[in-house]
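One structure is given below, encoded as C-alpha cells.
Every value quoted in this text rests on a predicted model; they were computed, and no experiment measured them. Count residues from 1 along the sequence.
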Amino acid sequence: MPLDTISTTLVSVHAATPRVKQFLLRADGHTFEFAPGQHVSIAFEHDGKTRYRPYSPVSQPGTDTLALAIKRYPEGACSTWMHARSVGDTIDLTPPSGNLGLQSLDRDVVFLATGTGLTPMIAMAFRYLRKGTGRATLLFGERTEEDLMYRETLDLLAASHANLTVGYVLSHDDWSGPTGFVQDHLSDYVDADAAPHYYVCGVPQMVVDTKETLRERGVPDARIFSEGWEDGAVDA
C-alpha cells in the first residue's frame, strides 16, 4: 500500500564527489520539521511497483527545502534513478522519521561515519554547534580522498568552532593521514576517560564493529546511538 508522501520539486543538483550528488528539494507551502539525524524516504517506480529508499537530510529543519546527498551505486535502483533526475522534476518523499538524533545538548559528542552515513552526522553536528555546550568530535572514514564529501564544509566548521575536532580516515589511499578503519582510530581523538555520547552511521558492518570496539573500551550501550537495524543486516 502506497505511503503518504510530500511532493517536492528538484531545484538544484551538484556533484559533491565523483559518485555523490547533492539534491536540493523544495516543497512549496510545506515546512519540514524533523530532528537532525532522521531520514525521509524517496518514492520511485521500479519494476512496475512503488519503492521507497531512506536518505537523511544534510540540511536543518524549519524550511520548505531539504538537501539530500546520494551516492550512485551501479545496481542501486533508487540511486541510479535519482542521478538521472533533472532540475524541475517532481520527487515524492515520505515525512521524516527515524531513531537517530541528538540525545543531549549538554554532553560531549562523538560522531563516527563512513560513506553517506555522514549525512545525518552533518545535520546533527550543525545543530550541536548552534545549541550544544560541550565538545564535538567527528570522524569520517572513506576509501580515497576524492570520496571525502563535504570536506570543505567540515574543515571550515572545525576552523570556525574551537569545540569541534574533525578527523578523516582512508582505507584505500596512500596519504599522510590515518588509514584503515575509522573505529580503529578512536583513541587518537577521544580520551579513554571521556564520557561522551557516541553516534554511529555507515555500512552495517562498520556500525556493528564500532559498537563492539566501544563496548571493549568500556562504553555502555546507553551512550551509543545508531539507527538500530544494523545488527540484523549483518547477521542476515
Side-chain angles (χ1 to χ4, degrees), residues 1-73 76-103 105 111 113 115-132 138 140 149-154 156-157 199 201-202 225-229:
M1 184 170 115
L3 303 178
D4 291 336
T5 57
I6 302 160
S7 181
T8 72
T9 300
L10 181 56
V11 296
S12 172
V13 183
H14 83 261
T17 75
R19 291 200 297 153
V20 177
K21 288 183 179 181
Q22 177 180 281
F23 299 86
L24 210 59
L25 303 168
R26 180 169 299 145
D28 291 333
H30 177 82
T31 299
F32 289 101
E33 297 293 355
F34 57 93
Q38 290 187 309
H39 63 265
V40 296
S41 287
I42 292 174
F44 67 106
E45 297 299 318
H46 182 68
D47 290 340
K49 296 181 179 180
T50 301
R51 312 283 185 177
Y52 302 90
R53 293 293 185 273
Y55 297 96
S56 298
V58 182
S59 50
Q60 294 294 292
T63 75
D64 64 356
T65 303
L66 290 183
L68 303 178
I70 299 176
K71 180 182 289 187
R72 184 184 182 278
Y73 295 93
C78 187
S79 67
T80 300
W81 182 81
M82 279 298 296
H83 275 240
R85 297 307 95 198
S86 301
V87 169
D89 286 352
T90 297
I91 311 292
D92 291 333
L93 309 175
T94 63
S97 63
N99 301 319
L100 195 59
L102 290 167
Q103 302 298 305
L105 293 169
F111 303 109
T116 49
L118 179 67
T119 56
M121 302 304 182
I122 288 183
M124 289 191 288
F126 267 101
R127 175 56 58 91
Y128 189 85
L129 293 173
R130 288 178 55 194
K131 303 286 188 178
L138 190 152
F140 179 31
M149 64 179 185
Y150 295 114
R151 185 175 184 179
E152 296 86 351
T153 298
L154 293 174
L156 181 58
L157 279 177
Y199 299 90
C201 192
F225 305 96
S226 66
E227 283 282 5
W229 54 269

Task: Atom pair OH (Tyr52) and CG (Leu93), whose distance is rounded to the nearest 0.5 Å - done: 11.5 Å

TODO: Taking Thr31 for its side chain and Thr63 for its backbone only, find out whether a donor-acceptor pair lies under 3.5 Å.
DONE: no

- [ ] Check step by step if side chain to side chain contact (heavy atoms under 4.5 Å, CB included) holds for Trp81 and His46.
- [x] CA-CA 9 Å; Trp81 182 81; His46 182 68; over 6 Å; no

Open item on the list: Using only atom types and a distance under 3.5 Å, with no angle test, would you say the side chain of Ser59 pairs donor to acceptor with the backbone of Ala67?
Closed with: yes

Open item on the list: For a 4.5 angstrom cut-off between non-hydrogen side-chain atoms, does His39 reach Pro120?
Closed with: no

Task: Short side-chain to backbone donor-acceptor contact, Arg127 and Ala123, under 3.5 Å - done: no

Task: Thr8 side, atom OG1; Leu66 side, atom CG - distance, nearest 0.5 Å - done: 7.5 Å

Open item on the list: With no hydrogens and no angle check, just 3.5 Å: does a side-chain donor-acceptor pair link Gln103 and Tyr199?
Closed with: no

- [ ] Specify whether Phe32 and His30 have parallel, tilted or perpendicular ring planes, treating 30° as the upper limit for parallel and 60° as the lower limit for perpendicular.
- [x] perpendicular

Open item on the list: Nearest 0.5 Å, please: how far is SG in Cys78 from CD1 in Ile70?
Closed with: 6.0 Å

Task: Side-chain touch Ile122/Leu157, heavy atoms, less than 4.5 angstrom - done: no

Task: Between Thr65 and Arg26: side-chain donor-acceptor atoms closer than 3.5 Å - done: yes

- [ ] Please round to the nearest 0.5 Å and tell me the distance separating atom CE of Met121 and atom CG of Leu100.
- [x] 5.5 Å

Task: Parallel, tilted or perpendicular: ring planes of Phe111 versus Tyr128, cut at 30 and 60 degrees - done: perpendicular

Task: Glu227 backbone acceptor or donor facing Asn99 side chain under 3.5 Å - done: yes

TODO: Rounded to the nearest 0.5 Å, what's the gap from OG1 on Thr9 to CG on Asp64? Could you check?
DONE: 10.0 Å

Open item on the list: Once rounded to the nearest 0.5 Å, what's the spacing between atom CE of Met82 and atom CD1 of Ile91?
Closed with: 4.5 Å

Task: Beyond-backbone contact of Gln22 with Tyr150, side-chain heavy atoms, under 4.5 angstrom - done: yes

Open item on the list: With side chain to side chain contact (heavy atoms under 4.5 Å, CB included) as the criterion, how do Leu25 and Leu68 come out once you've worked through the C-alpha distance, each side chain's angles and the decisive distance to 0.1 Å?
Closed with: CA-CA 8 Å; Leu25 303 168; Leu68 303 178; 3.7 Å; yes

Open item on the list: Can you confirm whether Met149 sits close enough to Leu118 that some side-chain heavy atom of one is under 4.5 Å from a side-chain heavy atom of the other?
Closed with: yes

Task: Under 3.5 Å side-chain donor-acceptor pair for Thr50 and Glu45 - done: yes

- [ ] Side-chain contact test, heavy atoms from C-beta onward, threshold under 4.5 Å: evaluate it for Arg85 versus Leu10 and give yes or no.
- [x] yes

Open item on the list: Please check: side-chain N/O of Thr94 versus main-chain N/O of Ser41, any donor-acceptor pairing under 3.5 Å?
Closed with: yes

Open item on the list: Is there a side chain to side chain contact (heavy atoms under 4.5 Å, CB included) between Arg72 and Val20? Walk through the geometry before answering.
Closed with: CA-CA 6 Å; Arg72 184 184 182 278; Val20 177; over 6 Å; no

Open item on the list: I want to know whether His83 and Phe23 have ring centres closer than 6.0 Å.
Closed with: yes

Task: Heavy-atom check, side chain of Ser79 versus side chain of Tyr55, under 4.5 Å - done: yes

Task: Check: Tyr73 main-chain N/O paired with Thr80 side-chain donor or acceptor under 3.5 Å - done: yes

Open item on the list: Main chain of Gly98, side chain of Gln38: is a donor-acceptor contact present, judged purely on distance under 3.5 Å?
Closed with: yes

TODO: Find out whether Pro36 and Leu102 are in side-chain contact, i.e. whether some heavy atom of one side chain is under 4.5 Å from a heavy atom of the other.
DONE: no

